[in-house]
Amino acid sequence: MKLNHSFNVYLRPKAPYSFELTVRKPAGWPLFTPLEIFQKGTLWTALHLDNLLLGLRLSSGGTVSKPQIVLSVFSGESLSPAQKLEIQKILGAKLSVENDLTDFYRLAEKDPILKHSVQDLYGMNDTELSHLYAAVCLSILLQMAPLKRSQEMMECFIRSYGEVAEFEGKRIPVWPTPERVANLSTAELAQKCKLGYRAKYVFQCARFLEQSSLPAFSELKQLSFEEAKNRLLKLPGIGDYSADIISPHRGFPIDVWSADIFSQLFYGAKPGATRTAIEQVKAEGIRRWGKWSWMAFFYTVQDLENLSRKLERDLRLF
DNA sequence: GCGTCCAGGTCTACC
DNA sequence: GGTAGACCTGGACGC
């Protein structure tokens, strides 16, 4: 879809805010779609907001201590001032411009693991996924597969069934909407992108969301952590790990891979039976970091390369 | 080359 | 209520 209309917005996030680390996370997590383009400090990406396809160009107009995001929004139709204001508000929230890292950094300074990560990734903020169904599909396609295969499934799924935002000579495919996927068949999903048993869940979740059986992202945010998670657990194929990834409140999403990492960080050794270590590691992370456990998880995972080097050298775990 | 195992979980039948 | 086994696929590994 060609997006020929545009308007510009200047966002002023709370400092510290590293534009580059926030929109282009070190572990390779994309902002809104795995097929977005990042070149010389500028990100071209796209997403659906309430079924409206938008293209975005983002760059930094400031510094970590005096941040500014220069944002151009592209749409297929002319938008009213009220629509533009609403879009600016939603994108600001997704980019965490009101996020205050002060309390988390205060905790991190005294923590033998986190003190390294916040130093390495100073000003990195978490961001919100493009929409609820995108988050659901992401978590399902991460299940029970090596990362490479998950990435292949995601890319095929997005290229095959997502709309393409065309603007400024770029073509950015976005995550499919539940309305589109609900009209497909499980067999087609399984065969075309080799989703395996996950095809059933991707399809059933699309039907579930299309029938509005679940609140939108913004509404889930208004609920308590437990209530939001309980609502998400009603989705087919969504268990404890996936709900922790999807929830706007976030959780401490420990799977086999991260249980291995955090077990080494907490206890200095790999877990014996990895599956059974998940609960133990999760409980320990929440005990140590409480309401900041998601941010601790987020910073640790993004900083693994630096962290493993530093921990080998001088970390004394408590 | 071929067979087996298992991976960044979740569901369900069975006890 | 707790738990073993099944579920798609493909890469790694042993033979």
Side-chain angles (χ1 to χ4, degrees), chain A residues 25-30 34 117 126 129 132-161 175 181 184-209 213-214 228-247 250-266 269-286 293-305 307-308:
Chain A
K25 299 177 182 70
W29 298 6
S117 298
D126 184 26
L129 294 161
L132 187 57
Y133 185 58
V136 167
C137 292
L138 170 73
S139 69
I140 291 172
L141 299 183
L142 282 173
Q143 292 172 11
M144 202 63 186
L147 187 57
K148 182 171 171 284
R149 179 155 182 247
S150 290
Q151 286 170 335
E152 287 168 356
M153 288 190 282
M154 282 183 219
E155 190 166 329
C156 177
F157 180 60
I158 291 171
R159 284 195 191 281
S160 302
Y161 307 111
W175 281 99
V181 178
L184 302 170
S185 70
T186 303
E188 181 186 335
L189 284 166
Q191 196 176 18
K192 190 162 187 178
C193 293
K194 297 176 181 173
L195 303 189
Y197 71 93
R198 300 167 199 82
K200 183 179 67 180
Y201 296 142
V202 164
F203 174 76
Q204 288 176 345
C205 284
R207 281 277 168 92
F208 197 92
L209 294 184
S213 307
L214 199 74
K229 189 163 177 177
N230 285 335
R231 296 285 188 96
L232 290 168
L233 288 172
K234 294 187 192 310
L235 284 161
I238 301 303
D240 186 71
Y241 164 76
S242 299
D244 275 346
I245 291 179
I246 301 167
S247 172
R250 308 289 204 170
F252 194 57
I254 297 299
D255 51 17
V256 170
W257 172 80
S258 50
D260 188 276
I261 289 166
F262 281 95
S263 189
Q264 290 183 67
L265 292 173
F266 291 158
K270 288 194 175 193
T274 318
R275 294 264 177 210
T276 55
I278 290 177
E279 277 184 36
Q280 189 189 356
V281 166
K282 183 160 184 160
E284 178 61 13
I286 292 169
S293 54
W294 163 256
M295 286 301 283
F297 174 90
F298 174 57
Y299 262 77
T300 304
V301 169
Q302 298 299 331
D303 194 36
L304 275 185
E305 203 175 315
L307 201 53
S308 58

Quick one: side chain to side chain contact (heavy atoms under 4.5 Å, CB included) partners of A/Ala27, sequence neighbours excluded?
-> A/Trp29, A/Gln302

In whole angstrom, give me the gap between the C1' atoms of C/dG5 and B/dC6.
-> 15 Å

Using chain A heavy atoms and a threshold of under 4.0 Å, write down where along DNA chain C the contacts begin and end, 5' to 3'.
-> C/dC7 to C/dG10

The side chain to side chain contact (heavy atoms under 4.5 Å, CB included) partners of A/Ala134 (sequence neighbours excluded) come to A/Ser130, A/His131, A/Trp175

Base, sugar-phosphate, or nothing: which does A/Leu147 touch, judged by heavy atoms less than 4.0 Å apart?
-> base

Which residues satisfy the side-chain hydrogen bond (donor to acceptor under 3.5 Å, both in side chains) test with A/Ser242, sequence neighbours excluded?
-> A/Gln143

With sequence neighbours left out, what residues match A/Gln191 under side-chain hydrogen bond (donor to acceptor under 3.5 Å, both in side chains)?
-> none

Pick base, sugar-phosphate or nothing for A/Ile254, based on heavy-atom distances below 4.0 Å to the nucleic acid.
-> nothing

For A/Glu188, what residues pass the salt bridge (charged side-chain N to carboxylate O under 4.0 Å, His left out) criterion, not counting sequence neighbours?
-> none

Provide, to the nearest angstrom, the distance between the CD atom belonging to A/Glu152 and the P atom belonging to B/dA7.
-> 18 Å

What is the distance from CE of A/Met144 to P of B/dC11, rounded to the nearest Å?
-> 14 Å

Can you list every pair that meets salt bridge (Lys or Arg N to Asp or Glu O under 4.0 Å) and has a residue in residues 198-208 of chain A, with sequence neighbours left out?
-> none

How about A/Cys193 and A/Cys156, are their SG atoms within less than 2.5 Å of each other?
-> yes

Residues 141-150 of chain A vs salt bridge (Lys or Arg N to Asp or Glu O under 4.0 Å), sequence neighbours excluded, gives A/Lys148-A/Glu152

Taking for each residue the nucleotide of DNA chain B bearing the nearest heavy atom, is the 5' side occupied by A/Pro146 or by A/Gly237?
-> A/Pro146

Among residues 187-200 of chain A, which contact DNA chain B at a heavy-atom distance under 4.0 Å?
-> A/Tyr197

Using a 4.0 Å heavy-atom cut-off across all strands, classify A/Ile261 as base, sugar-phosphate, or nothing.
-> nothing

Quick one: list whatever passes side chain to side chain contact (heavy atoms under 4.5 Å, CB included) with A/Ser258, sequence neighbours left out.
-> A/Ile254, A/Asp255, A/Phe262, A/Phe297

Pairing residues for A/Asp244 by the salt bridge (charged side-chain N to carboxylate O under 4.0 Å, His left out) criterion, not counting sequence neighbours | A/Lys229, A/Lys282

Which part of the nucleic acid, if any, lies within reach of A/Ser242 when heavy atoms closer than 4.0 Å are counted: base, sugar-phosphate only, or nothing?
-> sugar-phosphate

Taking only Watson-Crick and G-U wobble pairs with both distances under 3.5 Å, what dot-bracket line describes DNA chain C, where [ ] shows pairs that cross earlier ones and | shows pairs with another strand?
-> |||||||.|||||||

